[in-house]
Each structure stands twice: as structure tokens, then as C-alpha cells.
Protein chains: 2
Amino acid sequence: MTATGAEKKNGRVTIREVAEDAGVSVAAVSKVLRDAYGVSDALRAKVRASMDRLGYRPHTAARGMRGQTYTIGLVLPDIRNPFFADIMVGVNNALERTQYRAMIGISESSVITEMAIVDSMIDRQMDGIVLIGSTEDRGNHDRIASLKPLVTIGHHDPEATSFDTVNNNDQQGAMLAVQHLVAGGYRSIAMLSLSSGTSTILSQRELGYRRAMIEAGLGKAINIVQIPQTLREVQLAARRLLEGSRRPDAIFCWTDFIALEVISVATELGLSIPADLGIVGYDNTVYCDFAQNSLSSVDQSGEQLGLQAVRLLIERIKGRSKAEHLVVTPRLVTRGSSTRAG
Amino acid sequence: MTATGAEKKNGRVTIREVAEDAGVSVAAVSKVLRDAYGVSDALRAKVRASMDRLGYRPHTAARGMRGQTYTIGLVLPDIRNPFFADIMVGVNNALERTQYRAMIGISESSVITEMAIVDSMIDRQMDGIVLIGSTEDRGNHDRIASLKPLVTIGHHDPEATSFDTVNNNDQQGAMLAVQHLVAGGYRSIAMLSLSSGTSTILSQRELGYRRAMIEAGLGKAINIVQIPQTLREVQLAARRLLEGSRRPDAIFCWTDFIALEVISVATELGLSIPADLGIVGYDNTVYCDFAQNSLSSVDQSGEQLGLQAVRLLIERIKGRSKAEHLVVTPRLVTRGSSTRAG
DNA sequence: CTGAAAGCGCTTACAG
DNA sequence: CTGAAAGCGCTTACAG
């Protein structure tokens, strides 16, 4: 039982066995595998046939020793936001006809940081990194980009030269929301934002809110409330805002989840939406459509963002080094939460 | 500039450089790295110090060539369900003090199947796999388990010998929901389930629903409606159910998201919850708490499930081969959607 | 307890 | 267009 060339301990077929079966060299098989140039059609066909016959599957660790792992790492800050699911759809579509696969890591503020996940992805020889909703600064991004191709989604840094960014126009998105509320007769429009401080999409949305308020002659009504992401803090802030003496007649929320919480608090306080209070969210997540929410929201087409980010990343992996910064136009979807009966 | 022992093309420090720096052999460094037995405390300390000084990080591809990659693969069927976020919290907690990292793959029915992701994880030499909400059959699970340690969450197969399972008691959970509705005076209780057909947690929940109905003497009112997961289908089914001549007075939904859609449809139809219609969901996701939903739901403590699954998987990676099947007790959380005013 | 050497399955110059 | 050989950074027997 020791004579067969196809002896294998692992059950895994190796490139050598494929080479033997096809009657070519190991190097030739490697070239076919990588779609490298310099192989005749005849040889390629022979090798492909042997691969199929033997059920060959590339050993990623071995490939990673010298070349690529055909794995790209996606870092999400928070799996809970259904908006990320839209991004993933785009990512998977972009990957469909390639050898690449996406592996996702989820950072959790206290347990495992964004940078810790990125490090572990670099340790694992991933070919490139997509950071979603990153809160790191330029220094860290440059550091990552010096080691691996990098694309960010949901982080504005149009001057960055070492990595690409993909975004919707957050400033414009916020302006759409405010302009819509103003057109609906709302005047005292507050904004609920996040207190983290390092998010560039947040500051862009805040900027858009300010600009739209000023342009509408409502500069004196500008009121940005920055709160941490925790349920309890949001609830407290919403309650304080809605019970205060100068209650706003509309609230623009930086993300849908917060808007849903505002609806919850307003409901508990007996406020009527949209009569007493107009609400607009961001991301146009799937929950907006439910009748009990009927939440107007800014759509940033996550699927597009995911698709483009992967496209750019693969370009970078293949050698592009000039930075690209894509900005997608957002779109407001109006629903009952901000539309007062005519 | 060619004389330094620490010459490196990649910027990455290798085990060899650590060995040189510490004045020991490469094998010794490897042992320290793996926490293997047979190294003196003195040697260990020397090596650790060199690692720190040089900023050594293990090269996962190289480790994967001979040993482990210290990576476990998690497969999710659908990132959209916030319940999975709870699982992830448990997973990350379980991983916190280990060398292991979790990488997540998301299957999408049409684009990339569960098995395709598992294959790509095996190709990537992951040390073990956790399947969440798997819809594969015993044959495929055994096949995976023959290649890599395997644990499933949300899949009942108590007789399986080649892999472990971690679940909440879905039958009991469904019974809790029905018993609660019955106690509230509801009689014509329908169940909204999924039409996929291969989910064992679904059949357990259906079984529990049946049992509880029969035990309550409501066997004739048993009505299980199985619908696909798409938004439109669910909406249509809910509408058909609620507009039909024999409208149920309560609906038990197999997962919260479906229950929220039922609330939506009921709201649109002008039905009052819980007076006209009682609703109970499953998973006790974060949306249940919002006042506009106030959805009663069965909590299966996803964090526990995730934690235990990783614990079991690491045990298996370290050598255990006898199967374990954990079942966690679910807990009903009652809210407004099923609680008629006394 | 410690170390020298082989080898995991690929890719990469290099030679032909 | 094709192939023989070196080597990526570890782990694993094996010898001492």
C-alpha cells in the first residue's frame, strides 16, 4: 500500500499530485492555479482536468507562505446595525466571481478593539482590509495601509494617499433630512449625535445639519445633543429633550436605531408623531418600513458601498497605489414619521 | 548594512530572530509560543522578553503549515437578526484569554451557501467551525466533523456523535409562549413558522406549540402557517391570516422580526394589540423593548450559547472526541403585546 | 530541559 | 512555453 503516488496523510490533494496526474511540473500547476501568464491552453486544460478529477483544493496556509491567501478581512464595529447587512450583500456580490473570500471580524469596544482585530488579520496574512465605520485616526490608517491594502467605508479622509475611502455624502444626507423637515413646517429641529468624537461621518452629518439649519434661517435653533451608544443613555437623553421646557418639534437622528428609541420615548410620553414631533433617521434600515415605526430615513445604499469597496480593494491588491475616494449620493426616503397630514 | 542578524525583508520578526536574540534554539521559541511542556521557566522568561523586545508576532500561515492557525470559523446564515449579536458577545468573551480568534462568514442563500463558506474555512486551515442556525443535514455535518472539530448552535441533533450541539430548549420555549397566551385568555392561537423545512429548531418550536395547544384543550385551533423569509411573503401571509374569516386572536411567531411585521400589518388593519390580537416572538431581541413594539418574546440567552459553543469547540480542538449536547432553558419575557389589561 | 534538521504545500526567480 | 530547486516561517519527531 505504499506504492501509489497519491499517498496522502491528510486526505488533501496537493499540487504535486495534480502535477503527477497531469504529467506536468509543479510550477506549471501553480501557474494555472494563479491564472499566471505563460501557460499554453493545452497545458492549462490538462491541469484543470486533473484538478477536477482529484478534487484539488488549494492549501491557503501554504499559499500564504509565499503569495496571497485570497482572503480579505472586513472589520465591523457592531453587528447589530442592520445597515451592515446591506454592505455585506454588496461585498458578497463583488466577491462572487473571484477566488477571494471575505472573513469578518467584529470589534466590541471593551472586549476587542478595532486595531486588535486588524492586527490579527494581518497576522493571518489576509491580502487586504476593509474597515467599516472606523474610529481610528490617520496615523493608524497609514500604519495599516503600509502593511496591507486598505479601504474604509464610512470614514471621510479625502486627502488620504495611502488607502481608499468609500462613503455616501453624509453632509448632503443630513441636509436632505433637515430641508425635508423644514419644508414640512418644523422649525425647532434638534439633532441626536454620538459622543464618541472621532467619527468623521458623524462630524459630516453634524456639519450638514448646521448648514441646512443656517440656510433655512434657523441658526438659533441649532441643537446638537451628543450621547453615548448605550440604550439607557439614549433613552435618558431623549427623555430630557422631550420633557424639557423648550421641546424641539423635530429630531434628526444620526442613525435609525436612535430614531426608533426616540419614537419609543415619544410614544411613552404620549406625544403624537408626526404632529407633535417629526423624526428622521439615517441608513434606511429594514425596520423603517414597519407601520409602528414608519420612519423617514436617509438611504446611503449600503450594497453599493460594499460592492465598490471590495472592487477598490482588489484593485489595490493587484497593484494600484494611487488613492481613490468614492462618494455616493444619498437619497431621502420619507415616511409617516416626518410627514404631517396636509 | 548587511551584517545585522535582524535583517528582514518584510518588517516581520521571525521565530529565528527571536531565537538569536534570546540565545536559544528555534525549537525552544516554538515551544514557548505554543505553551508546550518541557521548557524551563528561565528559558521561557528569556524568550518572552525577546519576543516583547522585538515585537514578535506569530506568522499564522507558517503555523498553519504544520500545526494550528488559532482561528475558528463562525458561519452565520443571516447577519440581519440582532440575536446573532448576542451570540457574538459570548463568543468574544470566551475567546478573550486565548490565542484563538473568530472569523465570521455569512451565507446568503443565493450568492454563497453555508457549505461553500465551510469549505473556504477548511481551505484556510481553520482549527474548528461553529455553525449557527445550520440547515444542513447529518450527512454534511458528519462530513465537516470528519475534517474539523465542529459545534452547532441552533440545530438539534442530540444523537450526533461526531460533533457537539448547543441549543436552548426550543420546544419548551414555544410551550412557554403558548401557555402564557392561554393564561391571558387567548384561544385561537396561530403560529407563524418558516417554510424552509430543514430547520430542526423550527420543528422543535412547532412541536412545542402543538403540545401546548393540545394540553390546553385547544387542539382543534392548531394552525401553523409556514412562509418564506422574505418581507413580502411574510406581509402577505400576515394579512391573509388577519383578514380571514376565522382570524386568530393571537399569533406566536418563530422569531421577533416576523412578530414585528405582524405588529406592522395589524397596525395597518386597525387592530388593537393586545386587545384584538396577542403576539409573542422569539429571541427577545433589542427591538422588543421599544414602546411601539412592546413585544413579548422568548429569551434563549444567546450570549450563553455563544460562550458555551466556543468552550466546547476549544475542548474538541484540544482533543475531546466524545460528543456533548448542551441545552439551555429559555425564559419568557412578557411585555404589552400579549398582556391584556386586567 | 534543549537543539539540529526535516518538512508542511505552495510561489518565485532562474535556466532552458 | 516549461521545469528543477530554493525557500517562506513555523512544528515535529528525534537525538542528546
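Predicted, not measured: the structure shown is a model, and the values here were computed from it.
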Review point. Is the closest basic N to carboxylate O distance between Asp164(B) and Lys322(B) below 4.0 Å?
Key: no

Exercise for review: Tell me the stems DNA chain D sits in, counting at least three consecutive Watson-Crick or G-U wobble pairs, each under 3.5 Å on both distances.
Suggested key: C:1-3 with D:14-16, C:5-12 with D:5-12, C:14-16 with D:1-3

Check your understanding: Is Ser25(A) near enough to dG3(D) that one of its side-chain N or O atoms lies under 4.0 angstrom from OP1 or OP2?
Key -> yes

Study note, to complete from the structure: Residue set satisfying side chain to side chain donor-acceptor pair (under 3.5 Å) with Gln308(A), at least two apart, ordered chain then number -> Gln304(A), Arg311(A)

Point to revise | Separation of atom CZ in Arg57(A) from atom C1' in dC10(C), rounded to whole Å | key: 16 Å

Review point. Where do Thr71(A) and Arg124(A) land on the side-chain hydrogen bond (donor to acceptor under 3.5 Å, both in side chains) test, with the steps shown first?
Key: CA-CA 9 Å; Thr71(A) 310; Arg124(A) 282 162 181 73; over 6 Å; no

Check your understanding: Roughly, in whole Å, what's the span from CD in Glu20(B) to P in dA4(C)?
Key -> 12 Å

Review point. Is the distance from OP1 or OP2 of dT2(D) to the nearest side-chain N or O of Ser40(A) less than 4.0 Å?
Key: yes

Exercise for review: Using a cut-off of strictly less than 4.0 Å, decide whether Tyr37(B) has a side-chain nitrogen or oxygen near OP1 or OP2 of dT2(C).
Suggested key: no

Review point. Asn92(B) and Val111(A): which non-hydrogen atoms are nearest, and at how many Å?
Key: O-CG1, 3.8 Å

Review point. For His59(A) and dC10(D), what is the distance between atoms NE2 and P respectively, to the nearest whole Å?
Key: 16 Å

Check your understanding: So which heavy atom on Glu114(B) is nearest to which on Thr135(B), and how close?
Key -> OE1-N, 3.2 Å

**Study point:** Any pair counted as salt bridge (charged side-chain N to carboxylate O under 4.0 Å, His left out), so long as it reaches residues 151-163 of chain B, sequence neighbours left out
**Key:** Arg138(B)-Asp157(B)

Practice item. Please round to the nearest 0.5 Å and tell me the distance separating atom CD1 of Ile122(B) and atom CZ of Arg143(B). Key: 11.0 Å

Exercise for review: Using whole Å, report how far CE of Met65(B) lies from C1' of dC10(C).
Suggested key: 6 Å

Review point. Just how far, in rounded Å, is C1' of dG9(C) from CG of Asp123(B)?
Key: 13 Å

Practice item. Determine which pairs satisfy side-chain hydrogen bond (donor to acceptor under 3.5 Å, both in side chains) with at least one residue from residues 21-34 of chain B, sequence neighbours left out, and list them in order. Key: Asp21(B)-Ser50(B), Asp21(B)-Arg53(B), Ser30(B)-Arg34(B)

Practice item. Scan residues 90-127 of chain B for pairs that pass ring-ring contact (aromatic ring centres under 6.0 Å, His included), counting only residues two or more places apart or in two chains. Key: Tyr70(B)-Tyr100(B)

Considering only nitrogen or oxygen atoms on both sides, find all protein atoms under 3.5 Å from nucleotides 11-13 of chain C and state each distance.
unit_1  : atom_1 : unit_2   : atom_2 : d
dT11(C) : OP1    : Arg63(A) : NE     : 3.0
dT11(C) : OP1    : Arg63(A) : NH2    : 3.3
dT11(C) : OP2    : Ser30(A) : OG     : 2.4
dT12(C) : OP2    : Arg34(A) : NH1    : 3.0

